[in-house]
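Notes for the one structure printed next.
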Amino acid sequence: MTEENQKIVTRFPPSPTGMMHIGTARTALFNWLFARKHGGKMLFRIEDTDRARHNEKAVTALINATKWLGLDWDGEIVSQYERREHHVSIAQKLLEDGKAWKCYYSQEELEAIRKENGGFKLPRREELESKYTPSQTEEYTVRILGPVEGETTVSDKVQGDVTMQNAELDDFVLLRSDGTPTYMLSVVCDDHDMGVTHVIRGDDHLNNTFRQNVIYDAMCWQKPVYAHVPLILGPDGTKMSKRHGAASVEEYREMGYLPEAMRNYLLRLGWSHGDDEIISDAQAKEWFDLEHIGKSAARFDFDKLENLNAHYIRESDTDALLKECEHFYQKNHNITPNVQAISQIKACADELKSRAKTLIQLTDESAFFAKDVPLNFDEKASTVLSPDALAILGHLEKSFEDCDAFTSLDIQDICKVIAKEYVGGKLGKVAMPLRAALTGTTVSPSVFHVAEILGKEETCNRIRSAITAMQ
Ligand code: GLU
């Protein structure tokens, strides 16, 4: 069947182990795009069978991170754990059909047998039972009765044909001795029951595919199409992790990245459409395919992500952007801009947006609008506000008082006149103290524009306050 006439069903099945790794996010994105492109469905399943390490907070974090990324799913979220009884019934059926067997050896016995057989592999059932007798006949695990001869080929959409000798496989466990199903069993049952047609996941699962196929064959179920995507590496070529700075979606959000930039970046990291770097959602949904997923692992490039973020910040609607910024004004500056500050920030928005690489930068360079005097002067601003600079500010303030229109051009002209009169025409020697006085920092949009937006009264007020504070 071709993708055109088949109803595509993909799935996003994360395990709730903590924050969402960006590799997981990229897998979700690929599944989402593939489903959306073909008018299919993306299902969301939480693989929460590991009860010892289960943590509801991690489930909530996964859902929130998926929503923040802008990915939606079809139907209710499925809990794998809640389907466990069904998984057990499939193992029972395999037992009844003679396609699985009860293994009575204890952990210790299996360890000893493994050791005797060279370390890691167990002999297959026939050999095992003919050579070793278990010490008890009450507790057992249920193991698949896998093929011993021949070979299995997985035609992977990314990796191509991958072949494994069946002798390399093992009779893996379906039900543990406490009766609980394993991941290997649950994932196959769920994918089958949910009608999953395409499994797009990290290539760390490629080996599992051969085992999962044994279950599909034993149950006579149709196998999905597989696409195993290479891992994401850090800039140094090792698996992307905390060591590289930030490895989770939540961390990138906290660093001031926009979800659209993350989507675009993660898409390009591992998939290509010619040389296109900036790809809108609409284009992504139209163009995405499995054939252009890269075969080799991609390295994370922070500069590229930052450039894309800068692009999406510039393109964003200002109101929506300021909504996203609320969190950073609060967290980093302990402020909630009021209506007046918001309208001042908006008056400066084009410049702020064209400068900012992250929302943190945008909030850092505009928070001063929402602050009251006396401002807190950062270290650099304090250095700029030397006694000489304070004298200049005194002159400026007087000239400003006499200026009626107070447009940024008037303000710049006044600064030029003062510069000529006191500092040999060096405009920076006037503009920098003015910036420090108005913003408490040494980085901001054009200080002439900032002064105009603040208005004459507030500008003079901030200058006087700076002089008093630093004298
Ligand atoms: N729950 C698995 C994981 O988070 C995914 C399994 C799969 O995609 O088959 O790695």
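Both counts, for ligands and for their atoms, begin at 1 and track the order of listing.
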Does the ring of Tyr140 carry Lys102 above it, NZ/CZ under 6.0 angstrom from centre and within 45° of its axis? yes
Atoms of ligand 1 less than 4.0 Å from Glu47 heavy atoms? 1 (N), 2 (C), 5 (C), 6 (C)
Once you measure the plane-to-plane angle for Phe300 and Tyr265, does it fall in the parallel (<30°), tilted (30-60°) or perpendicular (>60°) bin? perpendicular
Ligand 1 and Val187, any nitrogen or oxygen pair closer than 3.5 angstrom? no
re atom 6 (C) of ligand 1, the protein heavy-atom contact at minimum distance is Tyr183 OH, 3.2 Å
If you scan protein heavy atoms around atom 5 (C) of ligand 1, the nearest is Pro13 O, 3.5 Å
Can you label the angle between the His205 ring and the Tyr183 ring as parallel, tilted or perpendicular, going by 30° and 60°? tilted
Is the Lys NZ or Arg CZ of Arg11 less than 6.0 Å from the centre of Phe44's six-membered ring, within 45° of the axis? no
Give the atom numbers and elements of ligand 1 that come within less than 4.0 Å of a heavy atom of Arg201. 7 (C), 8 (O), 9 (O)
Please state whether Gln212 comes within less than 4.0 angstrom of ligand 1, counting heavy atoms only. no
Do me a favour and list the nearest non-hydrogen protein atom to atom 10 (O) of ligand 1 with residue, atom name and distance? His205 NE2, 2.9 Å
Could you tell me the residue and atom name of the protein heavy atom closest to atom 8 (O) of ligand 1, and the distance to it rounded to 0.1 Å? Arg11 NH1, 2.9 Å
Suppose I only count heavy atoms of Ser15 and a 4.0 Å limit; which atoms of ligand 1 are within that range? 1 (N), 2 (C), 3 (C), 4 (O)
Aromatic rings His273 and Trp287: how do their planes relate, parallel, tilted or perpendicular, breaks at 30° and 60°? parallel
Checking side-chain contact (heavy atoms from CB on, under 4.5 Å) between Gln212 and each of Asp191, Val188, Asn207, which is the one that passes? Val188
Give the ring-plane orientation class for His192 versus Trp221, where under 30° counts as parallel, over 60° as perpendicular and anything between as tilted. parallel
